[in-house]
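Since the structure comes first, as structure tokens, the remarks are kept for the end.
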Amino acid sequence: MDRGINTRCLHLEETEGETTNYGALSYPIYQTATYAHPGVGASTGYDYSRLQNPTREHLEKIVAGLEYGKEAFALSSGMAAITLLFELFGPGDHIISEADLYGGSIRLFDNVSKKNGLEFSFLDCAKDDIEAAIRPDTKAVYIETPTNPMMNVSDIGKIAEICKKHGLILIVDNTFLSPYFQNPLKLGADIVIHSGTKFLGGHNDTLAGFIVTSREDIIERLRFLIKTTGAGLAPFDSWLLLRGIKTLGIRMEKAQKNALALAAWLKEQKTVKDVFYPGLPEHPGYEISKKQSRGFGSMITFNVDTKEHALRILEEVKMIKYAESLGGTETLITYPTTQTHADVPEEVRLRNGITPCTLRLSTGIEDVEDLIAELSEVFAKLKE
Ligand SMILES: *Cc1c(COP(=O)(O)O)cnc(C)c1O
């Protein structure tokens with residue numbers, strides 16, 4: 001029987017009972033660039049840290065276990081992971097992508113992947129007919145669910161069926177829910193992507209990215225690509241991720257509890273026009289979320305009545321930090337228009353629903369009374 005997810009955040013079955021590393025509970029940081037060989041033609045299995053590093057490998061095994069994948073690859077950031085992944089494709093390949101994506105992914109596709117000869121169709125994967133967009137040269141479908149920032153939820157299992165039928169690779173960026181709440185590979189996806197900077201690391205202190213898959217052909221190709229391009233996660237950052245993951249479960253639960261309370265509170269505020277949180281029963285993705293995920297996460301996007309009020313909220317928050325990023329212990333508020341999605345063309349932003357009145361909250365693990373008290377104070381000032 002599978003061990004529970006909280007146990008898998010802490011323990012790797014295959015290393016249990018080992019007495020190497022002096023029994024250290026905290027996995028050692030193998031801060032080395034290279035490894036001495038015992039003799040000519042002999043190797044310890046470790047030759048050079050761009051290819052192999054024990055600390056990174058320990059982390060990769062933990063993350064593979066959390067996502068039910070055969071193999072995970074730890075990269076220096078989420079964007080490094082996505083960039084590497086797109087080396088699987090070549091000139092003339094067509095990708096169907098969710099339209100409402102993390103801004104950096106759109107920037108990569110528009111400015112780098114297209115230059116490399118890839119073609120994209122951007123759809124609202126929660127609503128549009130994906131099958132109708134498939135062409136003879138289509139190779140993959142790339143989605144986020146919930147999407148960043150509009151929190152649209154698409155049905156991973158249904159999209160996986162379409163992909164299987166047409167021989168397409170289904171890639172899911174699972175950053176927003178983390179493996180604690182959602183496992184796309186179990187729902188039929190081929191590849192999972194994470195910005196480990198967010199919930200997995202969880203402390204707003206380091207960057208990381210992951211690619212997880214069970215497909216042997218893709219594993220072999222990715223291993224070659226990492227060796228060749230060299231964006232593997234550094235030993236110390238791997239250790240920070242291992243440390244962060246130990247508390248993934250309790251952080252996710254607390255942050256989600258705060259998000260549920262904050263989403264309900266935001267809905268009651270006069271200044272707030274729309275609240276996009278899949279944990280609200282009126283959210284169009286509520287039922288799909290309940291079916292495919294174990295939680296709704298802690299990301300809330302909301303629209304206020306005017307752009308002036310949106311900017312004023314950002315000016316007035318103090319404990320809640322006006323900052324990019326998400327998924328950490330501290331609550332952050334972001335302005336997608338000029339931050340995460342600044343490089344997305346305005347007409348695309350507006351089509352996706354990102355307006356100058358849109359704000360995105362990532363709830364941390366503070367006491368929710370204090371978060372509400374601060375926002376109450378800020379909202380009161382808007383009336384002055
Ligand atoms: C932040 C983020 C990324 C990029 O990750 P970095 O670690 O910042 O490079 C990719 N996808 C999503 C959904 C993100 O939120």
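Computed from heavy atoms alone, side chains included, the values below leave out hydrogens, waters and symmetry copies. Just follow the structure's listing: the first ligand is 1, and inside any ligand the first atom is 1.
- Panel note: side chain Asn174, backbone Gln182; a donor-acceptor pair is recorded below 3.5 Å.
- For Tyr35 and Ser49, the side-chain atoms include at least one donor-acceptor pair closer than 3.5 Å.
- Of all the atoms in ligand 1, the ones that sit under 4.0 Å from a non-hydrogen atom of Thr197 are 6 (P), 7 (O).
- Between Ser105 and ligand 1, a contact under 3.5 Å exists for no N or O pair.
- A heavy-atom separation below 4.0 Å is found between Ala208 and ligand 1.
- Looking at atom 4 (C) of ligand 1, its nearest protein heavy atom turns out to be Tyr102 CE2, 3.4 Å.
- When only interatomic distances are considered, the shortest N/O to N/O separation between Met79 and ligand 1 falls below 3.5 Å.
- Atom 6 (P) of ligand 1 has Gly78 N, 3.3 Å as its closest protein atom, hydrogens excluded (heavy atom only).
- Backbone and side-chain nitrogen or oxygen atoms of Glu144 are examined, and none is located within less than 3.5 angstrom of a nitrogen or oxygen of ligand 1.
- Near Asn148, meaning under 4.0 Å from one of its heavy atoms, ligand 1 places the atoms 15 (O).
- A donor atom on one side chain and an acceptor atom on the other are not found under 3.5 Å apart for Ser238 and His58.
- Cation-pi geometry between Lys254 and Tyr180 is not met at under 6.0 angstrom from the ring centre and within 45 degrees of the axis.
- For the pair Lys186 and Tyr68, the distance from NZ or CZ to the six-membered ring centre is under 6.0 Å and the angle to the ring normal is within 45 degrees.
- For a threshold of 3.5 Å applied to N or O pairs, the pair formed by Leu326 and ligand 1 contains no separation below that value.
- Ligand 1 places these atoms under 4.0 Å from at least one heavy atom of Asp173: 10 (C), 11 (N), 12 (C), 13 (C).
- Between the side chains of Thr271 and Asp305, no donor-acceptor pair of N or O atoms lies under 3.5 Å.
- With a heavy-atom cut-off of 4.0 Å, Leu207 does not touch ligand 1 at all.
- With a 4.5 Å cut-off on side-chain heavy atoms, Asn204 and Ser325 count as touching.
- Two rings, from Tyr335 and Tyr322, have their centers 6.0 Å or more apart.
- For Phe109 and Phe86, the gap between ring centers is short of 6.0 Å.
- In terms of protein heavy-atom proximity, atom 5 (O) of ligand 1 is closest to Ser195 OG, 3.0 Å.
- Remark: among candidates Glu324, Met299, Lys198, His194, the nearest residue to atom 15 (O) of ligand 1 is Lys198, based on non-hydrogen atoms.
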